[in-house]
Amino acid sequence: MSATDQRATPAEVGRYYERTVRRAQRTARVPAVQVALHRADRPLWTFEVGEAGGGATLDADTQFRIGSITKTFTAVLVLQCRDDGLLDLDDPVSAHLSVPAHGDLTIRRLLSHTAGLQREPYGDIWDTLAVPSLAETLAGLEQAERILPPGRRFHYSNLAFALLGHLAAAKRGGSWAEVLVDRILTPLDLPLTLQPGPNAATGYLVDAWSDHARPEPRTDLGGVAPAAQLWGTAAQLARWGAFLADPTAIDPDGKVLSADTLVEMRHPTVLRDEQVWTAGWGLGLIVRPGRDRGTDVGHGGAMPGFLAETYGRVSGTDDDVPGAFAAAVLLSAGNGDRALGLSTTLLDAAVERDPADIQPWRIGTPVPDEWAGLLGHWWGEGFEYVFRWRDGHLEASGADDAPGVPPAVFGIEGPDLLRSVSGREIGEPLRLTRDEQGRIVRLHWATYRFTREQQTFDGVWASRP
């Protein structure tokens, strides 16, 4: 059934989701799967299948280890510090945290995994499971390698995010755990925990050649906690994914982070794989391109016995995508990776089988007098553009732009001065020139001249001999 067909009933949609999850659990051989789908226009949907193990009951409140999804919380803590004027993303780490080595690496490079720092703290922690304390993590920087030059390419680093978490905590005068609870978990009503509760699922390694599964040890990450320590539920993680994709719906007052800062975090900084352009990295977030210029933003996680993922969908030009739209999937098998991607499957299924209602067009406010003469067709660099007034602001599009290409949107800075705030030539000014009667006769956008008739660069009308 497509989005243009008759809408499925809620019961039909729910059954389809449930069968999709059950099939993934069985195919991937995961002891317990817990999922949640969050959207602004429907009740939260949750489902779980399997057995939690260890005497725990598998339900919507069962906790799972979320692993590296923890990094997205740490990244938000760092951006909060930046927005509060406590640091600049291009500052070296040593400006805010006392470190014995690698202090010249910038915060921005650490956030985007482009610092070139080795993946793990010094020592064979995944062999011994002897995880260093905070003091040991920092001291180990003297032995830690910078395996690539900063900025060369993407290289994932848990050590980098351990440093970022403790840096943000130092700027707030508390521990990473204290700051996390105070500045994110409490304001967003997300009761994730650093340690598993009594109803937490057991994490397993499922035998490759039989149906036996052996419990994995629960490991406290000590000084590396800001990279992967947290436990939570799929419902909590789906709400977090919705915040990352649509913060104004989850945090309308911007108490945790402004919507503009989340847009900045979602902007791709580096490709994860330069040969397969399927995902990029922003500031602590994975960004994946979707259909109709949409994007999925979030993170995955892996710890002994557990896999996890949460992604929120940012709508591009697809009217079928609802607001605050996200899915989370938690798995109790460290080698159950065949079930990964289930979050994307659920998001796609929701758009296809239960699309958002299309909102009606409504009459808007009149164009302010000072901008009325700006609307219509203009020519720049030999190309035709159309300027329109939409939703209380000025927009500009190429006359031959393909459907779905987002317009440039302008903010007003002063008399006859606007600036592009999104789309083409973002950040560049648009200056207006008027004649003696006050009519707008010329524009300069990013210094390029725009006129009502097509002209050469030296000002000759193309249609005149």
Side-chain angles (χ1 to χ4, degrees), residues 1-14 16-17 20 36-45 238-239 241-252 259-260 262-263 266-268 278 285 287-298 310-328 341-365 367 375 385-410 420-424 426:
M1 177 179 293
S2 71
T4 57
D5 295 331
Q6 182 179 359
R7 186 188 299 273
T9 67
E12 290 170 337
V13 172
Y16 181 82
Y17 294 161
T20 300
L37 184 66
H38 187 290
R39 52 190 290 177
D41 59 348
R42 303 283 188 272
L44 176 72
W45 183 83
R239 179 172 169 80
F243 167 75
L244 297 177
D246 190 6
T248 56
I250 305 300
D251 181 28
D260 285 345
L262 261 300
V263 171
R266 296 195 302 255
H267 187 78
T278 57
L285 303 177
V287 184
R288 305 188 304 201
R291 71 180 195 179
D292 295 326
R293 295 181 175 271
T295 55
D296 288 350
V297 57
T310 184
Y311 285 94
R313 181 156 296 179
V314 182
S315 175
T317 60
D318 190 350
D319 290 336
D320 295 333
V321 176
F325 190 37
L342 185 55
S343 60
T344 301
T345 300
L346 289 172
L347 292 172
D348 289 344
V351 172
E352 181 72 14
R353 294 172 178 269
D354 188 20
D357 294 332
I358 297 177
Q359 300 302 311
W361 175 85
R362 300 188 186 280
I363 297 173
T365 57
V367 182
L375 306 186
Y385 291 80
V386 182
F387 286 74
R388 301 180 176 89
W389 190 264
R390 294 281 192 270
D391 298 325
H393 56 245
L394 181 71
E395 296 182 354
S397 300
D400 295 325
D401 281 354
V405 174
V409 176
F410 297 90
S420 177
V421 297
S422 68
R424 176 184 170 89
I426 185 170

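Computation of the quantities below employed the complete heavy-atom set of this structure, encompassing side-chain atoms and omitting hydrogens, waters and symmetry-equivalent molecules.
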For V367, what residues pass the side-chain contact (heavy atoms from CB on, under 4.5 Å) criterion, not counting sequence neighbours? W371, A372, L375, W389
Show your working on side chain to side chain contact (heavy atoms under 4.5 Å, CB included) between V13 and T9 and close with a plain yes or no. CA-CA 6 Å; V13 172; T9 67; over 6 Å; no
Hey, could you give me the CG/CG distance between L346 and L37, rounded to the nearest 0.5 Å? 6.0 Å
Walk me through whether T344 and D296 qualify under side chain to side chain contact (heavy atoms under 4.5 Å, CB included). CA-CA 8 Å; T344 301; D296 288 350; 4.2 Å; yes
Sequence neighbours excluded, the answer for salt bridge (Lys or Arg N to Asp or Glu O under 4.0 Å) partners of R39 is D41, D354
Which pair of heavy atoms, one from A36 and one from L44, lies closest together, and at what distance? CB-CD1, 4.4 Å
Side-chain touch P252/T248, heavy atoms, less than 4.5 angstrom: no
List the atom of L347, the atom of A326, and the distance in Å for their closest heavy-atom pair. CD2-C, 3.8 Å
First locate atom CG of D292, then atom CG of D319, and finally report the distance between them rounded to the nearest 0.5 Å. 9.5 Å
Judged by atom type as modelled, is there a donor-acceptor pair below 3.5 Å linking the side chain of H38 to the main-chain atoms of A327? no
Smallest heavy-atom separation, R42 atom then P355 atom, equals NH2-O, 3.6 Å
Mind checking side chain to side chain donor-acceptor pair (under 3.5 Å) for D318 and listing every partner two or more places apart, or none if nothing turns up? R291
Check the pair V314 / V297 against side chain to side chain contact (heavy atoms under 4.5 Å, CB included), numbers first and verdict last. CA-CA 7 Å; V314 182; V297 57; 4.1 Å; yes
Measure from the side-chain N and O atoms of T295 to the backbone N and O of V287, and report whether any donor-acceptor pair falls under 3.5 Å. no
Identified side-chain contact (heavy atoms from CB on, under 4.5 Å) partner of L244 from the options L285, I250, T310: L285
Residue pair R293 / P406: nearest heavy atoms and the distance that separates them: CD-CD, 3.7 Å
Atom of F325, atom of A242 and distance for their closest heavy-atom approach: N-CB, 4.4 Å
The test is side chain to side chain contact (heavy atoms under 4.5 Å, CB included); show your working for T20 and L342 and say whether it passes. CA-CA 8 Å; T20 300; L342 185 55; 3.8 Å; yes
Name the orientation class of the two ring planes belonging to F387 and F410 (parallel below 30°, tilted from 30 to 60°, perpendicular beyond 60°). parallel
Please list, chain by chain and in numerical order, all residues satisfying side chain to side chain donor-acceptor pair (under 3.5 Å) with S422, sequence neighbours excluded. none
Heavy-atom closest contact (Y311 atom, S343 atom, distance): CD1-OG, 3.7 Å
Return the set of residues passing side chain to side chain donor-acceptor pair (under 3.5 Å) with Y385 (not counting sequence neighbours), or none when no residue passes. R424
Check side chain to side chain donor-acceptor pair (under 3.5 Å) between H393 and all other residues, then give those that pass, not counting sequence neighbours. E395
